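Encoded as structure tokens, the structure appears first; notes follow it.
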Amino acid sequence: MSLQETLSNQVKQAVLASFNVEIESVEFQATRKEFAGDITIVVFPLLRFVKGNPVQIGETIGDYLVENVSDVKAFNVVKGFLNIEISDSYYINFFNGIKGDENYGFVSSSSNEKAVMVEYSSPNTNKPLHLGHIRNNLLGYSVSEILKASGKKIYKTQIINDRGIHICKSMLAWKRFGNEETPESTGLKGDKLVGNYYVKFDQEYKKEIQVLVEEGQTEEEAKKNAPILLEAQEMLRQWESGDEDTVALWKTMNGWVYNGFNETYRNLGVDFDTLYYESDTYLLGKEFVAEGLKSGVFHKEEDGSVWCDLTHEGLDKKIVQRADGTAVYMTQDIGTAIQRIKDFPDVGGMVYTVGNEQDYHFQVLFLILKKLGFDWAKNLYHLSYGMVDLPSGKMKSREGTVVDADDLIVEMTDTARNISQELGKLDGYSEEEKEGIYQTIGLGALKYYILKVDPKKRILFDPKESVDFQGNTGPFIQYTYARIQAILRKASIEEKDVAVELDIKEKELLKQLQLFPETIQNAASQHSPALIANYTYDLVKLYNSFFQNISIFGADSENEKIFRVQLSRAVSNTIKNAFSVLGINVPARM
RNA sequence: GGUCGCAUAGCUCAGCUGGAUAGAGCACCUGCCUUCUAAGCAGGCGGUCCUAGGUUCGAAUCCUAGUGCGAUCACCA
């Protein structure tokens, strides 16, 4: 039983014994620094049941707790706050229980629980990944790892948008202007090469519009009639009819893009358990339109289009099938969700990592799936996140105002290299080892910078102001980890449980360590890596203060030295575990 | 216009189910490297928690209305 549960029961008994009243719950909070004590019981809520002066009630309960709970050492009452001092032995016991646990904070998954499928990334195959994708990838990966750490089984997936007019545009431009260029012949990453032709298409398209306008067409007509666009549309029709040459080119160019994406994913440190391709799934869902019509969830208009009326739920009417019988985006998503459950029958819920511009779409999607009667539909979660904006406004790939993912990773690594070389602490390491550390730090800075912010909020990213390496940052936390490793390398202690008198800083560290498991659970239920990031920062702040103010090797007694080394190790292990669910590595030196 | 989200220090952000004098980092200013890694520590400066009402013993937190910013409301995906 946790301390809080014990205290809660004892407080209830105290109130029953002293005032003859039964209360349901007791409210706790951490004691503020300026008061003596470790945990505080708020007396005010009890006033509803117990008439009297809050201070006196607090005193009465305090007396009872000191008398009856061995871990309660002393208490004081300030206004309606009952501050309780907990004995050192309680914290020492806790520490000895967890200090050897490498997986502290993590819950291993139980086989009888349903798995969760997390979708993230899901790019289009006509252009390279940018900063917005980075946020998506980091969030999706981290939430997956957090859910895993909280005891869930996870499948990471993405749906690759590999078909449609956008990829035909790149294909067409390559055919016209590409001179048989390949990633090999140009030395370009495949996604970059294909992206270049997407831009090329747009440039040509604009030129043709210009010409048509000069010939007397309106801008609107010109946009529809530009020959290059008509040709791209024709290409899409050919693709849909299975034209061999078109499909072959499509496969080749998508293959280039996948190679490029995989390199970026590898550098970013994210991965997937299973992939879905829109070219396979875009026809799914129509059978459920028929079923929904039968059950009355959907209805047909005179022109043959099929709709779902959600006005009773406070939403609009939503189309699920066009008049010509073809599927729309919503139809596909319905079909894909159902397909996933078929493919992975142990999945009982899904998380969609998609930007907040699609909030409405997912609200509707989840509602429709519920109406269609799927019991897993209640376990769907849209991990919605704010856009990453630049000072100049939104990122637009066609206008070239994007922060390229690969470039950014290189830049961050360069910054880490510069700072590190200036500090010169890596002497004696090989160049290869050094590069690995630079990348760990650079990526750590980037990932932490993005993940520490509440997913719901927008991020303003200024490429001119480099991401910080000091203060509340990834490198700060990594630095503390490396610092502890230096201690551990030098320390030779006898491994045993020791009992020492705790310094205030040591006690604060133990309290913070105690919070880690519940922080993982909270982060999982709220789908928020930011909670882990902030927890870790608090832990590291406390450790650094301890480190700088208390000597480890210069401890007064051998037992104190042993305890401090063990405490340092437990802190570094917790940092490592916390960062692992954020997808951030920790260096042994930096 | 309807709906959804956000608004806290000059800047970037915390603030858990309502609790004590609202916290960090950056920036600016002071100190601390001959001793375990100074990417650090100790301290200073800095607040109309968007506004107005309401609920409550108690509101940054909950409710209502308003303001500002963003998103969305396609037989596009």
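Protein chains get the first letters and strands the later ones, always in sequence-line order, with residue 1 at the start of each. This structure is a prediction, so every number in the text was calculated from the model and none was measured.
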Item to complete: Choose from rG40(B), rA39(B), rA77(B) the nucleotide whose nearest atom is closest to any side-chain atom of Q332(A).
Response: rA77(B)

Practice prompt. Indicate yes or no: at least one non-hydrogen side-chain atom of Q332(A) is less than 4.5 angstrom from one of E278(A).
Written response: yes

Discussion item. Categorize A523(A) for me: base, sugar-phosphate, or nothing, with a 4.0 angstrom heavy-atom threshold over every strand shown.
Written reply: nothing

Worksheet item: So do the side chains of F476(A) and T473(A) get within less than 4.5 Å of each other, counting heavy atoms only?
Response: yes

Practice prompt. Answer yes or no: does a side-chain N or O of Y329(A) lie under 4.0 Å from OP1 or OP2 of rA77(B)?
Written response: no

Worksheet item: Hey, is E234(A) close enough to R237(A) for a salt bridge, meaning N to O under 4.0 Å?
Response: yes

Worksheet item: For the side chain of Y360(A), counting heavy atoms from C-beta on, which of rA38(B), rA24(B), rC73(B) is nearest?
Response: rC73(B)

Discussion item. Using modelled atom types and a 3.5 Å cut-off, is there a donor and acceptor pairing between side-chain atoms of W250(A) and backbone atoms of M171(A)?
Written reply: no

Item to complete: Kindly confirm or rule out a cation-pi arrangement of R135(A) over Y385(A), judged by NZ or CZ under 6.0 Å from the six-membered ring centre and within 45° of its axis?
Response: no

Item to complete: Using distance alone, with no hydrogens and no angle criterion, decide if R32(A) and N83(A) have a side-chain donor and acceptor under 3.5 Å apart.
Response: no

Worksheet entry | Nearest-nucleotide 5' precedence on RNA chain B, W307(A) against G554(A) | G554(A)

Practice prompt. Check whether the side chain of T40(A) and the base of rA20(B) form a donor-acceptor pair under 3.5 Å.
Written response: yes

Practice prompt. Check if the side chain of D333(A) and the base of rA77(B) share a donor-acceptor pair of N or O atoms closer than 3.5 Å.
Written response: no

Worksheet item: Would you say the side chain of L443(A) lies within less than 4.5 Å of the side chain of M412(A), judging by non-hydrogen atoms?
Response: no

Worksheet entry | Listed nucleotide nearest any side-chain atom of I319(A), set rU37(B), rA42(B), rA74(B) | rA74(B)

Fill in: Per R489(A) side chain, nearest of listed nucleotides rU37(B), rA24(B), rA20(B)
rU37(B)

Discussion item. I want to confirm an ordering. Mapping K505(A) and R589(A) to their closest nucleotides on RNA chain B, which one lands closer to the 5' end?
Written reply: R589(A)

Item to complete: Can you run through RNA chain B from 5' to 3' and write each base as (, ), [, ], | or . depending on how it pairs? Watson-Crick or G-U wobble, both distances under 3.5 Å.
Response: (((((((..((((.....[...)))).(((((.......))))).....(((((..]....))))))))))))....

Might you list the N or O atoms of the protein lying below 3.5 Å from N or O atoms in nucleotides 14-16 of chain B, with each pair's distance?
residue	atom	partner	partner atom	Å
rA14(B)	OP1	D454(A)	N	2.7
rA14(B)	OP2	K457(A)	NZ	2.8

Worksheet item: Quick one: which of rC26(B), rA71(B), rU37(B) gets closest to the side chain of D468(A)?
Response: rC26(B)

Worksheet item: Quick check, are the ring centers of Y352(A) and Y381(A) under 6.0 angstrom apart?
Response: no

Worksheet, complete the sentence: Regarding the side chain of F81(A), the nearest nucleotide among rA20(B), rC41(B), rG25(B) is rA20(B)

Worksheet item: P45(A) near the nucleic acid: base, sugar-phosphate alone, or nothing, with a heavy-atom cut-off under 4.0 Å?
Response: base

Practice prompt. Report which part of the nucleic acid N83(A) touches: base, sugar-phosphate, or nothing (heavy-atom distance under 4.0 Å, all strands).
Written response: base

Worksheet entry | side-chain N/O K541(A) vs rG25(B) OP1/OP2, d < 4.0 Å | yes

Fill in: Side chains of V26(A) and L7(A) in contact at under 4.5 Å (non-hydrogen atoms)
no

Item to complete: Taking only the side-chain heavy atoms of K425(A) (C-beta and beyond), determine which of rG40(B), rA39(B), rG25(B) contains the nearest atom.
Response: rA39(B)

Fill in: Test of ring centre spacing under 6.0 Å for F49(A) and F19(A)
no

Worksheet item: What's the closest nucleotide to the D316(A) side chain, out of rC73(B), rA38(B), rG19(B)?
Response: rC73(B)

Worksheet item: Are the ring of F476(A) and the six-membered base ring of rA39(B) within the stacking cut-offs of under 5.5 Å and under 30°?
Response: no

Item to complete: Return the stacking result for rG58(B) and F44(A): yes when the ring centres lie under 5.5 Å apart and the planes under 30°, no otherwise.
Response: no

